[in-house]
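Every heavy atom of this structure was used, including side-chain atoms; hydrogens, water molecules and symmetry mates were not. All of these numbers come straight from a predicted model, not from anything done at the bench.
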Amino acid sequence: MSDQRTNAVWSEQEPDAVPVTGLDPVDRVLAQEAAVSELPVNERAAAYRQLHAELESVLNQHPGSLPAGLTGQ
């Protein structure tokens, strides 16, 4: 998915919608984020750390195949 298309997908979503990047492994992790708010407050930091670790793992696997908006470049 091109950067322009990725930006268009993000801008068309509802404010509370789960972001869709077009990269399935990233989208699966992002979809889990909404469930964190349902956890007890004292468990949320660990849940966010786990999601962050999963995203880093996905993004580090094939950084050359990611849209520029996901690589910070």
### Task
Please round to the nearest 0.5 Å and tell me the distance separating atom CD of E54 and atom CG of L59.
11.5 Å
### Query
What are the two closest heavy atoms between S37 and A34, and how far apart are they?
OG-O, 2.9 Å
### Summary
In terms of heavy-atom contacts, A47 and L39 come closest through CB-CD1, 3.5 Å
### Task
Calculate, to the nearest 0.5 Å, the distance between atoms CZ and CZ belonging to R49 and R44 respectively.
14.0 Å
### Summary
Only residue of T21, L23, V29 satisfying side chain to side chain contact (heavy atoms under 4.5 Å, CB included) with P25 is L23
### Task
Output the distance between atom CG (L55) and atom CZ (R28), rounded to the nearest 0.5 Å.
11.5 Å
### Message
Checking the side chain of D27 only, and the main-chain atoms of G22 only, is there a donor and an acceptor separated by less than 3.5 Å?
### Response
yes
